[in-house]
*Asks:* 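I have a structure here, written as structure tokens, and I will follow up with some questions on it.
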Amino acid sequence: MQPFTGNFTQQEPIPEEAIAAAVAVMRGGRLHRYNTGEGEIAPAARLEEAFAAYQGARYCLACASGGYALSVSLRAAGVTPGDRVLTNGFTLAPVPGAIAAVGAEPVLVEITRDLVIDLDHLERRIDETGARVLMLSHMRGHLADMDALTALTAARGVTLIEDCAHTMGARWDGRPSGGFGLAGCFSTQTYKHVNSGEGGLLTSDDPEFMARAIMLSGSYMLYERHRAAPPPETFATIRLETPNMSGRMDNLRAAILLPQLNALDANAARWNARHDAIAERLAGVDGLYLPHRPAKEAYVASSIQFLAPGLSPEACTDFVARMKAVGVELKWFGAAEPSAFTSNHHSWRYVPAQDLPNTDAILGTLFDMRLPLTFSVEDCRHIADLIAAGMTRP
Ligand SMILES: *Cc1c(COP(=O)(O)O)cnc(C)c1O
């Protein structure tokens, strides 16, 4: 079989319409979101309005990064230093990082082999620690059973904040991810579902929460220029009590993102065609387990994950090397040392060490692969054949 020669980190170009919008912002020189002419609506404010409408959320705030959206949401939710915040034991570093940024302590929760939070363990950890906030990471685009999860958080009085860095455009039973709790946090960084280099979006239906988030993001006293924001009365005391921790999005990024929002659903279908082509092929390979996708989950699979439960750590290292030799870039979450974007909870040394035997066993043979839209469905079939061959002929 021919090796694969595609580039796993090459995204599609920015659409021409977005490039034209960016050039127009630069020609105007008004890149700061509050630098508007008479009657002008800043692209940042229009982006917030458009994303709130897309999500069916009342409010939206555009900010500097997904990680910033996460930490600002904790602060705006009233989390203070020393508080405990529950989160998945399997997520990427910006999530425990956002919890650490507000001086809080991550309480890690086990995952299942379907790569979602383990609801039984979540319930135990809530009861053991008294933690009142859950930062739920929809890691690698897998949604937990949101009916059961929200029933549990409601019953225990736990505030839910969703990390939707990998689920922009995804739904559970028709409802967009990010719309199940107090807040939804999204990233518009290059490797996510829309691309402005860096950037983040925060959504909520709660007026006081959003007023605090807007003030935190560095609104000065210009919050009335926001359009997907609560009315000015909501800010009456909040504006004087809330510190400015600048993390705004600028008009250039917003202009690039607006046209990309319109393409999000079409791109979700393109990602899923690529993912499903690989998943179908790998489902027939002995020794591999593909996470189950419930009927209520409408995913946006910009990456694919599979477990190889029989493999030793040495066999996993060897498998990654053999795949690399034929041009297939796999990430393995079981490695002892973090590499590039891949890390596991043992390498977050600023978090008190926690015992997660199930998560460790799952990560021990978990492989992950990006699926950029620059790959064709045919490319994906080729990649799947190479993986299947590498698995069956060690
Ligand atoms: C990318 C990412 C974020 C936030 O990303 P930024 O790089 O700060 O925009 C948050 N959570 C997860 C799981 C991510 O992959």
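Just so you know, ligand 1 is whichever comes first in the structure, and atom 1 is the first atom listed for that ligand.
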*Asks:* With a cut-off of 4.0 Å, which atoms of ligand 1 are near a heavy atom of A165?
*Replies:*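 Per the distance check, 2 (C), 3 (C), 10 (C), 11 (N), 12 (C), 14 (C).
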
*Asks:* Name the closest protein heavy atom to atom 7 (O) of ligand 1, giving the residue it belongs to and the distance to 0.1 Å.
*Replies:* Q189 NE2, 2.8 Å

*Asks:* With side chains defined as the heavy atoms from C-beta onward, is the minimum distance between F180 and E162 less than 4.5 Å?
*Replies:*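 Of all side-chain heavy-atom pairs linking E162 with F180, at least one is under 4.5 Å.
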
*Asks:* When you measure from the heavy atoms of K192 to every atom of ligand 1, does any distance fall below 4.0 Å?
*Replies:* yes

*Asks:* Looking only at heavy atoms, is any part of V95 under 4.0 Å from ligand 1, and if so is it the side chain, the backbone, or both, or is it neither?
*Replies:* side chain

*Asks:* Among H138, H142, H275, which residue meets the ring pair (Phe, Tyr, Trp, His ring centres under 6.0 Å) test with Y299?
*Replies:* H275

*Asks:* Output yes when the distance from some N or O of ligand 1 to some N or O of S137 is under 3.5 Å, and no in every other case.
*Replies:*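 The answer is no, given that S137 and ligand 1 share no N or O pair closer than 3.5 Å.
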
*Asks:* Give a yes or no on whether a salt bridge exists between R125 and E128, defined as a side-chain N under 4.0 angstrom from a carboxylate O.
*Replies:*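 E128 and R125: salt-bridged.
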
*Asks:* So, are E280 and R381 salt-bridged, with charged N and O less than 4.0 Å apart?
*Replies:*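 R381 and E280: not salt-bridged.
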
*Asks:* Could you tell me, atom by atom, which parts of ligand 1 come under 4.0 Å of a heavy atom of S187?
*Replies:*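 Listed by number with element, the hits are 5 (O), 6 (P), 9 (O).
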
*Asks:* Under 4.0 Å, heavy-atom basis, I'd like to know which part of H166 is in contact with ligand 1: side chain, backbone, both or neither.
*Replies:*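 The answer is the side chain of H166.
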
*Asks:* Using distance only, find each side-chain donor-acceptor pair of residues 102-109 under 3.5 Å and give its atom names and separation, not counting sequence neighbours.
*Replies:*
none

*Asks:* Could you identify the single nearest non-hydrogen protein atom to atom 8 (O) of ligand 1 and state the distance to 0.1 Å?
*Replies:*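 Minimum-distance protein heavy atom for atom 8 (O) of ligand 1 reads G67 N, 2.7 Å.
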
*Asks:* For D163, is at least one N or O under 3.5 Å away from an N or O on ligand 1?
*Replies:* yes

*Asks:* Is L70 in polar range of ligand 1, meaning some N or O pair under 3.5 Å apart?
*Replies:* no

*Asks:* Only pairs under 3.5 Å count here: list side-chain donor-acceptor contacts from residues 216-223, not counting sequence neighbours, and write none if there are none.
*Replies:*
residue	atom	partner	partner atom	Å
S217	OG	I214	O	2.8
S219	OG	Y34	OH	3.1
S219	OG	Y223	N	3.2

*Asks:* Around atom CG of D286, are there more than 12 heavy atoms of other residues, nucleotides or ligands at under 6.0 Å?
*Replies:*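 No, CG of D286 has 12 or fewer neighbouring heavy atoms, counting only those of other groups under 6.0 Å.
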
